[in-house]
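Have a look at the structure below before the remarks.
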Amino acid sequence: MTETSLTFIAKSTIKAADLDHRRKINFNIGKYNEKVPEGKEQFTDVHLARERAKNIKWRAIETMDQQLEAFELNFSKRGGKVIWAENSEQAIEEVLKICVAKNCKKLVKSKSMVTEEIHLNVALEKNGIESVETDLGEYIQQLDGEAPYHIVTPAMHKNKEDVAKLFHKKLGTPINLTPQELTLVARDILREKYVAAEVGVTGANFIISDIGAVAITENEGNARLSCSYPKTHIVIVGIEKIIPSLTDLGLFWPLLSTFGTGQKVTVYNTIVSGPRQANETDGPDEMYVILLDNGRTNILKSPTQRESLYCIRCGACLNACPVYKNIGGHTYGTTYSGPIGSVISPNLQGMDEFKHLSYASSLCGACTQVCAVKINLHELLLDNRHESVEEGLTTFTEKMSWKMWKFASLNRSMMNIGNGTLKNKVVNGLFKGWKQHRTDLDFSQKTFNEMWRERYKH
Ligand code: SF4
């Protein structure tokens with residue numbers, strides 16, 4: 001076992017027994033569960049809508065090279081600059097280059113999982129640039145020195161008392177502030193940051209090929225402020241976020257909001273197609289879009305795993321997953337947690353190091369059932385397991401155990417040796433690890449053949 005998998009098991013064991021954590025998560029996810037069915041009512045046929053979205057993403061991913069090139073061409077026409085980054089190092093290098101050119105000391109950033117993936121804030125801080133998260137949930141997490149806990153709701157594991165305590169400790173506010181008062185405190189602080197920042201960084205929910213623009217979805221308006229106040233706007237986005245046409249947003253926007261939070265449509269939906277034009281009064285002087293690969297083309301290579309690139313990061317699979325609800329987001333030790341994280345992380349960050357995530361699933365299929373774009377998540381988890389065996393990443397003991405199991409299962413006379421008491425003794429004695437969190441296996445006293453003969457003896 002790798003160090004990463006041992007850490008995962010140790011953390012999971014602690015978290016799964018943490019009832020306070022479970023209560024907070026169930027409370028917050030419960031609120032979404034109440035709202036999502038209401039949001040779904042806006043679709044005449046929600047299954048058809050999901051199917052259509054999957055087809056659009058299929059087309060976008062199958063023609064990704066052409067779609068991205070068309071995006072670059074169209075975006076450049078309006079004065080935007082596209083930068084292609086193969087990995088996080090290249091993306092960071094490009095951001096720093098721009099920051100140096102703009103003499104940037106302060107930067108505002110809206111919520112973006114890709115910037116978490118490349119650890120942008122750490123790099124900026126190392127280079128003497130203050131980077132402030134402007135999404136309230138992300139701001140809370142930044143104050144606490146923690147990574148986001150959930151891809152949609154970064155501070156899902158905190159209740160209002162936790163946040164009031166955190167603000168009291170870090171910002172000196174009274175300990176008993178209400179959520180509304182806490183929001184106003186954050187708003188006051190952040191307003192000044194927008195005005196002072198030389199550069200604004202955002203992610204993007206969609207890259208729109210035919211008009212050369214990016215679409216950003218949010219509930220607080222902070223992303224709009226982050227991209228319109230500073231003189232330079234940098235978008236960092238994974239290449240899989242491509243969609244062919246502006247008209248596709250008519251489907252993707254309501255799907256994303258309904259499956260993410262239960263809203264019919266998210267409060268602020270912005271399409272940004274370049275820097276401020278000559279006849280416009282608002283917007284940045286310069287706009288860059290960094291198209292990040294960082295392992296995504298590895299996923300593209302695999303005919304089966306390619307489907308995971310359809311993900312629109314709605315977070316529904318996390319909310320439905322019994323494993324996520326018990327062990328929480330941070331336990332995964334990856335940027336993307338929950339079922340989609342367990343599918344893509346081994347392929348983005350290395351099968352050897354992260355294959356254990358694909359095994360941390362009951363394969364109940366709840367994730368597949370709720371996925372906004374009908375990704376067969378549980379089958380992709382199985383596919384990862386298969387891949388890891390094919391790559392020879394299993395231990396000698398595991399290989400031998402399965403060989404023995406296969407041999408015995410295919411050999412009736414061997415299965416019939418001994419009675420239930422003997423089998424219980426041998427198997428429960430051998431598989432101590434299996435029993436650590438489970439009751440003993442209890443074999444039938446009679447073999448299958450004995451029972452069959454008894455049943456059909458007449
Ligand atoms: S895999 Fe599906 S359910 Fe999970 S975040 Fe992506 S789109 Fe949403």
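Whatever order the structure lists them in is the order used to number ligands and atoms, beginning at 1.
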Test ring-ring contact (aromatic ring centres under 6.0 Å, His included) on H157 and H330 and set out the steps.
CA-CA 10 Å; H157 59 310; H330 288 151; 5.1 Å; yes
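Under 2.8 Å from atom 2 (Fe) of ligand 1, one finds the following protein N/O/S atoms: C371 SG.
A salt bridge is absent between E240 and R306: the closest approach of a Lys/Arg side-chain nitrogen to an acidic carboxylate oxygen does not fall below 4.0 angstrom.
Side chain to side chain, N219 and Q263 meet the donor-acceptor criterion of an N or O pair below 3.5 Å.
Short contacts between ligand 1 and G315, defined as distances under 4.0 Å to a heavy atom of the residue, involve ligand atoms 5 (S), 8 (Fe).
Using cut-offs of 30° and 60° on the angle between ring planes, the pair F75 and F71 is parallel.
Of the candidates Y332, Y336, Y324, H150 forms a ring-ring contact (aromatic ring centres under 6.0 Å, His included) with just one, namely Y324. Applying the salt bridge (Lys or Arg N to Asp or Glu O under 4.0 Å) test between K193 and each of E133, E130, E198 identifies E130 as the sole match.
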